[in-house]
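What follows is one structure encoded as structure tokens, with my remarks underneath.
Here is how names work: the chains are called A, B, and so on, in the same order as the sequence lines, proteins then strands, and each is numbered from 1.
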2 protein chains.
Amino acid sequence: MPAISTRQQQILDFLHDYHTDRSYMPSIREIQLACSISSTSVVDYNLRLLERDGFIRRSPDISRAIELVCESEPDLVEVARVPILGAIAAGEPIPVPEASAYADEDRDSLALPPELTPRDPNNLYALRVKGYSMIDAFVTDGDIVVLRHTRDARNGDMVAAWLPMQEEATLKHFYLEGDHVRLMPANPDMEPIIVPADNVQVHGKVVAVMRRVAA
Amino acid sequence: MPAISTRQQQILDFLHDYHTDRSYMPSIREIQLACSISSTSVVDYNLRLLERDGFIRRSPDISRAIELVCESEPDLVEVARVPILGAIAAGEPIPVPEASAYADEDRDSLALPPELTPRDPNNLYALRVKGYSMIDAFVTDGDIVVLRHTRDARNGDMVAAWLPMQEEATLKHFYLEGDHVRLMPANPDMEPIIVPADNVQVHGKVVAVMRRVAA
DNA sequence: CGTTCGGGCGAACGTGCGTTCTAAATCCTA
DNA sequence: TAGGATTTAGAACGCACGTTCGCCCGAACG
């Protein structure tokens, strides 16, 4: 709302730039130098105005204690980064998450928004869905499913399961009942699959699904 | 890889916490106080080790110039913020996005990860899905759909449509054919709906779907 | 036993850096 | 064009804060 003086805009820009490569703020004298101001008092004067108008916050008597409050605009959010390990399809084995994948930064990864991030953001990985075989879990071709790597599931968990005999990968709700496993589709209109417990490999539990719809 | 001493972990934690509410770093003496260390030299000693092991970076002779390099883990990503306007269910009208909603910051909003963000992040809003009536679009109860507000859709777009006569909201692919509209379910197993063109109100086109699966 | 070494103390030193005061230059508005 | 408000100058002042140096203590080691 208040007008932005040329000087103040210049200072604001410098603050932003400086803060991006170092992660701390410049001193008054550094601002003075960068903005070609001939006195520290002028810097202080303008900083005072910037604070009054709500662009920055300052803590008195503390070095480099300038906080950019306006810069919350281009929204920065803390997100969890999740590696995309590959694809999941009905007829292909589910890729096994290797420990190396988590450290590997140069492979595909996905930014998980806070709304989708579980309490514990560890051991997560993502898979692209290929084909239309996961329809009963409301998942379709092109979707991305986010999984937490785990070998044992608890009843009711939605899991990514590999059925060796059928050579099939699927997403279902997991229920262990004695020596067999019941796999319940998420879609109530569809029938459960019941298989011997030793014919199920649980690769992880589903924590989120993301889909981008073509424009 | 290097062992983390108790002291050093304590300091690291304090650095992180301090940096979250102020956005600058503590001074050596503040670390000393917070971690109950009786000398600044001990703080400096441990900071030196932390820097050697790559946990932090320091700029000599500059106040509070500590950078957390390990803390790049909780990845900061620029995301688009999208207001959540309400719910969409089969029998209820679709909430109309008001201009005010975009400016309104204190209502619910959603952080859209870059992978789901369209080229143009304007006029977006989100709706919670209630009930199981959108199953044919692979959308189920509890999902969040992200829409771009638009009144006219092009053929093939996935749209949120309100059918006044049926009093029904639905997500379908939109095809205008002469004076009637064909609404194709995303699920190929289901039948299209064909209605007169004046019995369709398009409220927006779907750009993304997000689902959090209960643990 | 003396030595080395990781870790902790405490104090002093010197400079980085915010602050303040006076005065001048510039810009408005009447 | 006078005179107030805004902005700029320059220079001290003084605390904040990083740095350094000598010393102590217990464990490991020969």
Charged N to carboxylate O under 4.0 angstrom, A/Asp157 versus A/Arg148? no
Report yes if a side-chain nitrogen or oxygen of B/Asn46 is closer than 4.0 Å to either non-bridging phosphate oxygen (OP1 or OP2) of C/dG8; otherwise report no. yes
Between A/Tyr45 (OH) and C/dT20 (P), how many Å, whole number? 16 Å
Regarding C/dG8, can its base be found pairing with the side chain of B/Ser41 as donor and acceptor, where the two atoms are less than 3.5 Å apart? no
Nucleotide interval of DNA chain D bounded by contacts with chain A (heavy-atom cut-off, under 4.0 Å): D/dT6 to D/dC17
Looking at B/Arg7, does any N or O in its side chain come under 4.0 Å of the phosphate oxygens OP1/OP2 on C/dG8? yes
Quick one: on DNA chain D, does A/Ile62 or A/Thr40 contact a more 5' nucleotide (nearest heavy atom)? A/Thr40
Is it true that B/Asp143 and B/Arg212 have a side-chain N and a carboxylate O under 4.0 angstrom from each other? no
Would you say B/Tyr24 and A/Ser63 are linked by a side-chain donor-acceptor pair, where the criterion is simply a distance under 3.5 Å? no
Could you state the atom-to-atom distance from CE of A/Met25 to C1' of C/dG16 in whole Å? 18 Å
Would you classify A/Leu47 as touching base, sugar-phosphate or nothing, given that sugar-phosphate means primed atoms plus P, OP1 and OP2, and contacts are heavy atoms under 4.0 Å? nothing
How would you label the contact of A/Asp61 with the nucleic acid (heavy atoms, under 4.0 Å): base, sugar-phosphate, or nothing? sugar-phosphate
Rounded to whole Å, please give me the gap between CG in B/Asp44 and P in C/dC13. 19 Å
Nearest nucleotide by nearest heavy atom, which residue falls closer to the 5' end of DNA chain C, B/Ile37 or A/Ser39? B/Ile37
Any donor-acceptor pair under 3.5 Å between the side chain of A/Arg29 and the base of C/dG18? yes
Going by the rule ring pair (Phe, Tyr, Trp, His ring centres under 6.0 Å), which residues pair with A/Tyr45 if we only count those two or more places apart in sequence or in a different chain? none
State whether a side-chain donor-acceptor pair under 3.5 Å links A/Asn155 with A/Glu177. no
With a 3.5 Å distance limit and no angle check, can you tell me whether A/Glu30 reaches the backbone of A/Ser27 through a side-chain donor-acceptor pair? yes
